[in-house]
Amino acid sequence: MLNVEDVSLQFDRVILEGISLTVKEGEILGIVGKSGAGKTSLLKIMSGLLQPTSGKVELHGESVRGPQIKLVPGHPEIQLVNQDFHLDTYHTVEENVREQILYLPLKEREQLVNELLELVELDEIKHQKATTLSGGEQQRLALARALACEPKLILLDEPFVHLDGRLRSKLVKYLLDLKEIRGTSFVLVSHDGAEMLALADKILCMKKGRIYRQGKPKDLFYRPRSIEEAKLFGPINSVLIEGKRLLFRADEFYTDDVSDGIPLDLTFDKAIFTGGIHENYFYTSRKESVVLYSINNALTDVQKVYISKKK
């Protein structure tokens with residue numbers, strides 16, 4: 001288990017203030033916040049690459065020492081994949097992965113290298129030097145290197161930013177399998193909370209160097225406390241009804257009257273088919289924009305819906 005206790009970081013300004021959190025074995029923790037919230041600095045402190053001004057980090061009760069204390073920073077059981085990538089740029093793709101597992105017997109080593117390169121879809125360019133890769137390819141190679149080490153904890157900074165939807169889904173499944181089979185723990189940070197919803201067991205929301213809310217993905221998605229928080233996890237509707245501001249997601253409605261439904265008159269604008277769902281755009285009498293999702297058909301004839309919040 002990783003334990004972060006009252007960690008603060010300050011240079012010419014406060015970067016982090018009073019951060020405390022735990023990551024259990026086999027748990028995936030998501031950290032969401034806008035750029036400048038302190039997410040990347042927190043990951044570096046967790047990995048032992050950055051010294052906090054105060055507070056402590058422990059992995060299974062053992063101190064994770066920062067660079068002011070430890071000559072070679074980092075921890076052997078913690079792997080960080082951030083935007084720096086830290087590749088051996090003049091080695092080939094396969095050499096970058098192989099050098100992480102030289103302790104394994106040759107057959108097992110080559111099998112694991114091939115498995116990981118196939119996972120991140122770099123197997124066809126495995127003889128290419130890392131310096132020639134695109135930013136997205138370098139990110140995928142950095143992830144393969146981290147996975148090869150089989151650490152207890154993997155820290156991922158914006159892990160899906162360069163990936164298309166298909167490859168993202170493939171990696172999400174692999175990380176979930178690692179969690180179940182090996183008990184690997186993960187901490188993922190992103191400015192896009194929607195990326196965390198299918199993966200994280202728990203999500204922390206950060207702002208200006210502090211954690212201001214935490215909870216299960218479904219709770220944070222359907223029960224935001226502000227429109228700013230709601231936008232971290234995807235499209236949100238905000239309408240004024242009887243003098244009160246109501247936030248609701250694009251699937252929190254019925255076209256037929258329901259007992260707890262709040263009626264809302266709408267005027268249809270347009271529908272966009274996104275492959276699986278239609279995004280239907282409306283506006284209210286106050287010209288507030290509203291988007292609603294539908295599966296089979298566009299909601300071209302809908303003039304009233306009943307907002308019903310998820311339980």
Side-chain angles (χ1 to χ4, degrees), residues 17-19 21 29-39 165 188-311:
E17 185 175 1
I19 299 290
L21 59 88
L29 174 69
I31 302 177
V32 180
K34 293 182 178 180
S35 297
K39 307 183 301 296
L188 302 89
V189 306
S190 178
H191 67 278
D192 184 0
E195 294 182 344
M196 306 289 185
L197 296 175
L199 193 56
D201 298 299
K202 181 173 65 177
I203 297 176
L204 309 181
C205 298
M206 283 189 69
K207 183 179 180 181
K208 296 180 179 179
R210 298 183 65 90
I211 295 170
Y212 67 89
R213 191 179 177 193
Q214 59 181 292
K216 298 289 186 181
K218 189 173 181 179
D219 290 336
L220 295 177
F221 182 74
Y222 284 116
R223 285 180 279 279
R225 294 176 180 172
S226 68
I227 192 166
E228 180 184 23
E229 180 184 303
K231 287 179 178 179
L232 291 173
F233 298 95
I236 187 72
N237 296 309
S238 174
V239 296
L240 194 64
I241 297 179
E242 297 181 352
K244 294 183 179 180
R245 182 62 57 181
L246 178 64
L247 304 179
F248 67 100
R249 296 291 180 184
D251 63 336
E252 292 187 296
F253 75 98
Y254 292 95
T255 53
D256 297 323
D257 194 1
V258 291
S259 60
D260 64 343
I262 301 171
L264 180 65
D265 293 319
L266 297 170
T267 300
F268 180 80
D269 182 15
K270 61 180 175 290
I272 300 173
F273 180 66
T274 61
I277 65 169
H278 289 85
E279 294 182 356
N280 302 274
Y281 289 87
F282 299 83
Y283 55 89
T284 70
S285 60
R286 293 186 176 86
K287 302 302 180 182
E288 299 158 316
S289 179
V290 171
V291 58
L292 304 176
Y293 294 158
S294 60
I295 297 176
N296 296 320
N297 301 300
L299 303 177
T300 53
D301 297 327
V302 169
Q303 296 179 336
K304 177 180 283 190
V305 297
Y306 297 86
I307 302 168
S308 181
K309 297 290 292 178
K310 301 284 186 181
K311 302 299 183 183

A.B. asks: Specify the closest pair of heavy atoms between Ala298 and Ala271, including all atoms of both residues, with the distance to one decimal.
C.D. replies: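 What the structure gives for the nearest pair is CB-CB, 3.6 Å.
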
A.B. asks: Search all heavy atoms of Tyr306 against all heavy atoms of Gly261 and return the closest pair with its distance.
C.D. replies: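 Smallest heavy-atom distance, with atoms named: CB-CA, 4.1 Å.
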
A.B. asks: Between the side chain of Asn280 and the main-chain N/O of Leu292, is any donor-acceptor distance below 3.5 Å?
C.D. replies: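 Side chain of Asn280 to backbone of Leu292: a pair is present.
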
A.B. asks: Give a yes or no on this: more than 12 heavy atoms of other residues, nucleotides or ligands lie within 6.0 Å of atom OH of Tyr254.
C.D. replies: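 No - once you tally the heavy atoms of other residues, nucleotides and ligands closer than 6.0 Å, there are 12 at most.
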
A.B. asks: Can you measure from CG (Leu299) to OH (Tyr281) and round to the nearest 0.5 angstrom?
C.D. replies: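 If we round to the nearest 0.5 Å, Leu299:CG and Tyr281:OH are 12.5 Å apart.
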
A.B. asks: Could you report the tightest heavy-atom contact between Ser226 and Leu247, atom names first, then the distance?
C.D. replies: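 Result for this residue pair: C-CD1, 3.8 Å.
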
A.B. asks: Let me see the working for Phe248 and Val290 under side-chain contact (heavy atoms from CB on, under 4.5 Å), right down to the final yes or no.
C.D. replies: CA-CA 10 Å; Phe248 67 100; Val290 171; 4.1 Å; yes

A.B. asks: Using modelled atom types only, decide if a donor and an acceptor are shared between the side chain of Thr284 and the backbone of Glu288 within a distance under 3.5 Å.
C.D. replies: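 Answer holds: yes.
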
A.B. asks: With heavy-atom distances below 4.5 Å as the criterion, would you say the side chains of Lys34 and His191 are in contact?
C.D. replies: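 SC-SC contact between Lys34 and His191 ruled out.
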
A.B. asks: So do the side chains of Phe233 and Leu197 get within less than 4.5 Å of each other, counting heavy atoms only?
C.D. replies: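 Side-chain contact under 4.5 Å: yes.
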
A.B. asks: So, taking the atom named NZ in Lys218 and the one named NZ in Lys216, what distance separates them when rounded to the nearest 0.5 Å?
C.D. replies: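 With rounding to 0.5 Å, NZ (Lys218) is 12.5 Å from NZ (Lys216).
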
A.B. asks: Within a 6.0 Å radius of atom CD on Gln303, are there more than 12 heavy atoms belonging to other residues, nucleotides or ligands?
C.D. replies: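 No, the 6.0 Å shell around CD holds no more than 12 heavy atoms from other groups.
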
A.B. asks: Before accepting this row, confirm whether a basic side-chain N of the pair Arg223/Glu229 lies closer than 4.0 Å to the acidic partner's carboxylate O.
C.D. replies: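 The answer is no: the pair does not qualify as a salt bridge.
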
A.B. asks: So which atom in Ile236 and which in Ala230 form the shortest heavy-atom distance, rounded to 0.1 Å?
C.D. replies: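 What the structure gives for the nearest pair is CG1-CB, 3.8 Å.
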
A.B. asks: Would you compute the distance between atom CG of Asp219 and atom CD1 of Ile203 and round it to the nearest 0.5 angstrom?
C.D. replies: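 Going from the CG atom of Asp219 to the CD1 atom of Ile203 covers 10.0 Å.
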
A.B. asks: Between Val32 and Met206, is there a side-chain heavy-atom distance shorter than 4.5 Å?
C.D. replies: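 Sidechains of Val32 and Met206: no contact.
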
A.B. asks: Would you call Glu252 and Lys309 a salt bridge, taking side-chain N to carboxylate O under 4.0 Å as the test?
C.D. replies: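 Yes, this pair counts.
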
A.B. asks: Would you give the length of the straight line joining atom CD1 of Ile295 to atom NE2 of His278, rounded to the nearest 0.5 angstrom?
C.D. replies: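 That separation rounds to 11.0 Å.
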
A.B. asks: Please say whether the positively charged group of Arg249, taken as NZ for Lys or CZ for Arg, lies over the ring of Tyr222, i.e. under 6.0 angstrom from the six-membered ring centre and within 45 degrees of the axis.
C.D. replies: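 Pair Arg249/Tyr222 does not count as cation-pi.
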
A.B. asks: Taking the six-membered ring for Trp and the full ring for Phe, Tyr or His, determine whether the centres of Phe268 and Phe282 are under 6.0 Å apart.
C.D. replies: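 Yes, the ring of Phe268 comes within the 6.0 Å limit of the ring of Phe282, centre to centre.
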
A.B. asks: Quick one: does Arg286's side chain have a donor or acceptor within less than 3.5 Å of a partner on Leu240's backbone?
C.D. replies: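 Yes, because the side chain of Arg286 sits within donor-acceptor range (under 3.5 Å) of the backbone of Leu240.
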
A.B. asks: For residues Glu195 and Ser190, is any side-chain donor paired with an opposing acceptor at under 3.5 Å?
C.D. replies: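 Yes.
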
A.B. asks: Which atom pair, heavy atoms only, marks the closest approach of Ile227 to Ser238?
C.D. replies: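 Answer, listing the atom of Ile227 first, then Ser238: CD1-CB, 3.8 Å.
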
A.B. asks: Using a strict 4.0 Å threshold on nitrogen-to-oxygen distance, state whether Glu228 and Lys207 make a salt bridge.
C.D. replies: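 Result for this pair is yes, salt bridge flagged.
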
A.B. asks: Hey, what do you get for OG (Ser285) to CG (Leu266), rounding to the nearest 0.5 Å?
C.D. replies: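 One gets 9.0 Å once the value is rounded to the nearest 0.5 Å.
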
A.B. asks: Go through the structure and list residues passing salt bridge (Lys or Arg N to Asp or Glu O under 4.0 Å) with Lys231, not counting sequence neighbours.
C.D. replies: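 Result, salt bridge (Lys or Arg N to Asp or Glu O under 4.0 Å) vs Lys231: none returned.
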
A.B. asks: Please name all residues satisfying salt bridge (Lys or Arg N to Asp or Glu O under 4.0 Å) with Asp260, sequence neighbours left out, ordered by chain then number.
C.D. replies: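 Residues passing salt bridge (Lys or Arg N to Asp or Glu O under 4.0 Å) with Asp260: Lys311.
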
A.B. asks: Do you know the tightest heavy-atom contact between Ile31 and Met196?
C.D. replies: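 Minimum heavy-atom contact is O-CE, 3.7 Å.
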
A.B. asks: Can you find a pair of side-chain heavy atoms, one from Ile211 and one from Leu21, that are under 4.5 Å apart?
C.D. replies: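 Yes, close enough: below the 4.5 Å cut-off.
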
A.B. asks: Looking at Tyr283, is its backbone amide N or carbonyl O close enough to the side chain of Asp269 to form a donor-acceptor pair, meaning the two atoms are under 3.5 Å apart?
C.D. replies: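 It does not hold such a pair.
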
A.B. asks: How long is the gap from CG on Leu204 to CD1 on Ile19, to the nearest 0.5 Å?
C.D. replies: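 It is 8.5 Å, given to the nearest 0.5 Å.
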
A.B. asks: Please say whether more than 12 non-hydrogen atoms of neighbouring residues, nucleotides or ligands are located less than 6.0 Å from CG in Asp301.
C.D. replies: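 Not more than 12 within 6.0 Å, no.
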
A.B. asks: A side-chain contact here means heavy atoms from C-beta on lying under 4.5 Å apart; do Ile241 and Ile307 qualify?
C.D. replies: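 Yes, at least one pair of side-chain atoms sits under 4.5 Å.
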
